[in-house]
Colleague: 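Sharing a structure with you now.
Chain identifiers are assigned alphabetically (A, B, ...) following the order of the sequence lines, protein sequences preceding nucleic acid strands; residue numbering begins at 1 within each chain.
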There are 2 protein chains.
Amino acid sequence: MAVYTDINEIELAYFLKEYDIGDLLSYKGIAEGVENSNYLLHTSTGSYILTLYEKRVNSNDLPFFLGLMRHLAGKGINCPLPVNRKSGSSIGELAGRPAAIVTFLEGMWMRRPTVHHCHALGEAMARMHLAGEDFPMRRRNALSVDGWRPLWDNSKAGADRVEFGLANETEADLAFFEANWPSHLPSGVIHADLFPDNVFFLGNRLSGLIDFYFACTDLLAYDVAVCLNAWCFEKDHSFNLTKGAALLRGYTSVRSLSDDEAASLPILARGSALRFMLTRLYDWLNTPEGSLVVKKDPMEYIRRMRFHRQIKSPEEYGLALEGART
Amino acid sequence: MAVYTDINEIELAYFLKEYDIGDLLSYKGIAEGVENSNYLLHTSTGSYILTLYEKRVNSNDLPFFLGLMRHLAGKGINCPLPVNRKSGSSIGELAGRPAAIVTFLEGMWMRRPTVHHCHALGEAMARMHLAGEDFPMRRRNALSVDGWRPLWDNSKAGADRVEFGLANETEADLAFFEANWPSHLPSGVIHADLFPDNVFFLGNRLSGLIDFYFACTDLLAYDVAVCLNAWCFEKDHSFNLTKGAALLRGYTSVRSLSDDEAASLPILARGSALRFMLTRLYDWLNTPEGSLVVKKDPMEYIRRMRFHRQIKSPEEYGLALEGART
């Protein structure tokens, strides 16, 4: 739930003078996205999303994010297309914040994704990975293994309040990842936050991917691992093997996973569970009561970390056996 | 800022089966309205607002509110038109709440209304009063003078924490209103909450009135008094006589105010300032920290109460002198 910054009609009208998107008919603050303020605009030429980038987004990264959306859209990936200002840039300033307008994608995100949706997500993610291959810009993943310890240092004092023993458990995991994190796998553009609320469907058809504000250059298989965590666990915290198999089958139907990538899935899935646990834990401990940010329970991802620690092979996520994967 | 109730795509699809509004393309929780949860729907036939009525709205009142919108829209007033379900009713149930769909009105509400907007608001309010004359349903104004004391009884213990002396000041005002509130003035359908966020404009043209969930049968001049409070004070709490004059000139260009109505404006304005002070004070004292409801400062309306107490004649609000009012 967002909309942190209210904007008035006068500053908005002034901002829109730099765009060629017709006459403004309405703007509504929408309750989606947790990092930025988002408005749904209706103009005489259609619907758009106006985003005001709040402090968690580094404005130096905006050319990467918006350039990537433009690149992917140009390759036929259904994602928001940034609208250029008359100056040619896609980034302006509104209410003291960097701001951009992108095209509106119709579609709904699935509060209860099914096996079918997991398969479609896998396919679309693989297509995005292929479409990103020749994107020339690079952005380090600030939330990969070398970003975890600074995050942890700001939370560890409170970790045992969430669950006694969590501090030691996390320290051991961090040390393990720092020593064993794979570095030799294929790398490229990843979304890095492809949770169900960032994937739209119209009926059973995947209609688009949104919210590229964690996108970066990192291991492609890490994106797959994030999605195993985000799409394939049930409310009771159990892993749904059928959904895992569908997601991986969808992915590998477009881009095959190498043996190394497949073998690394357990550590990548366990690492990405730690990554989301750490940001949730940080927010849990540091978000003041009364804030509009809805805090997500870090325990959900602590359970996932423990699950992945038991996994011995990628087949346990539903990956088809090697002979069948060609 | 609202959206209290999240809905999932499955229950929404089921709910929409009872409507004939085309295929659902998207739904976004919007940050408008403070009493209910509102979603902006795009369907293959256009845009709609879906409202889930939260606990502050008495579901027994919904036929009045929705019937009134239908009546006014039928008379050419630009307001949302409730969409009938296949059963013929306009009220269904979604996520355990009464819910309705109305047509979407394009337009923006003016964060900074000008003299021009005040004039247009006056005209539109008077047209609405005339259009409501033959609306057959009635609803008592639960927040008129006889509703104020129960509200006050729940807040008075904390009043002096907001400003020392406020308890005695309010008690005296309440006693004055209970003894002197006018009852002989023309009565009819009033909006009762016609603040700037409920009035849309496209450019300089008033494009619609929304949010009829305080509408009731009460003194027409009380609606005018509410608007003097809501539209004609500046951020520094001063009354803007030019805006008052424009609002009243707009109103009387469509429906004239009788001498009795004009003479009652000061007490009605003072009473309506008390009414908004009381609900704000109640929320201020009783809304838990961390709630998503944004609390509005009651002091703003305490200042207005004091202003209106000094007013001796309606001319001081900008009403044209009697000879000129014909």
Colleague: So does B/Phe195 have more than 12 non-hydrogen atoms from other groups sitting under 6.0 Å from CZ?
Modeller: yes
Colleague: For atom NZ of B/Lys86, is the number of surrounding heavy atoms from other residues, nucleotides or ligands below 6.0 Å larger than 12?
Modeller: yes
Colleague: When you compare the side chain of A/His42 with that of B/Leu40, does any pair of heavy atoms fall below 4.5 Å?
Modeller: yes
Colleague: Counting only N and O atoms by type, is there a donor-acceptor contact under 3.5 Å from the side chain of B/Glu9 to the main-chain atoms of A/Pro113?
Modeller: no
Colleague: Between A/Leu25 and chain B, which part of the residue has a heavy atom less than 4.5 Å away: side chain, backbone, both or neither?
Modeller: both
Colleague: Counting heavy-atom pairs closer than 4.5 Å to chain A, which one of B/Ala13, B/Gly203, B/Gly107 comes out on top?
Modeller: B/Gly107
Colleague: Using a 4.5 angstrom heavy-atom cutoff, name the option from A/Leu202, A/Asn8, A/Ile7 with the most pairs to chain B.
Modeller: A/Asn8
Colleague: Over all heavy atoms of both residues, which pair between B/Met108 and A/Ser26 is shortest? Give the atoms and the distance, please.
Modeller: SD-CA, 3.4 Å
Colleague: Report the option among A/Leu24, A/Ile10, A/Leu105 that has the most heavy-atom pairs separated by less than 4.5 Å from atoms of chain B.
Modeller: A/Leu24
Colleague: By a 4.5 Å heavy-atom criterion (distance strictly below it), what part of B/Ser47 contacts chain A: side chain, backbone, both, or neither?
Modeller: side chain
Colleague: Contact between B/Arg111 and A/Leu12 at the side-chain level, heavy atoms closer than 4.5 Å - yes or no?
Modeller: no
Colleague: Select one option (side chain, backbone, both, neither) describing which atoms of A/Phe201 are under 4.5 Å from chain B's heavy atoms.
Modeller: neither
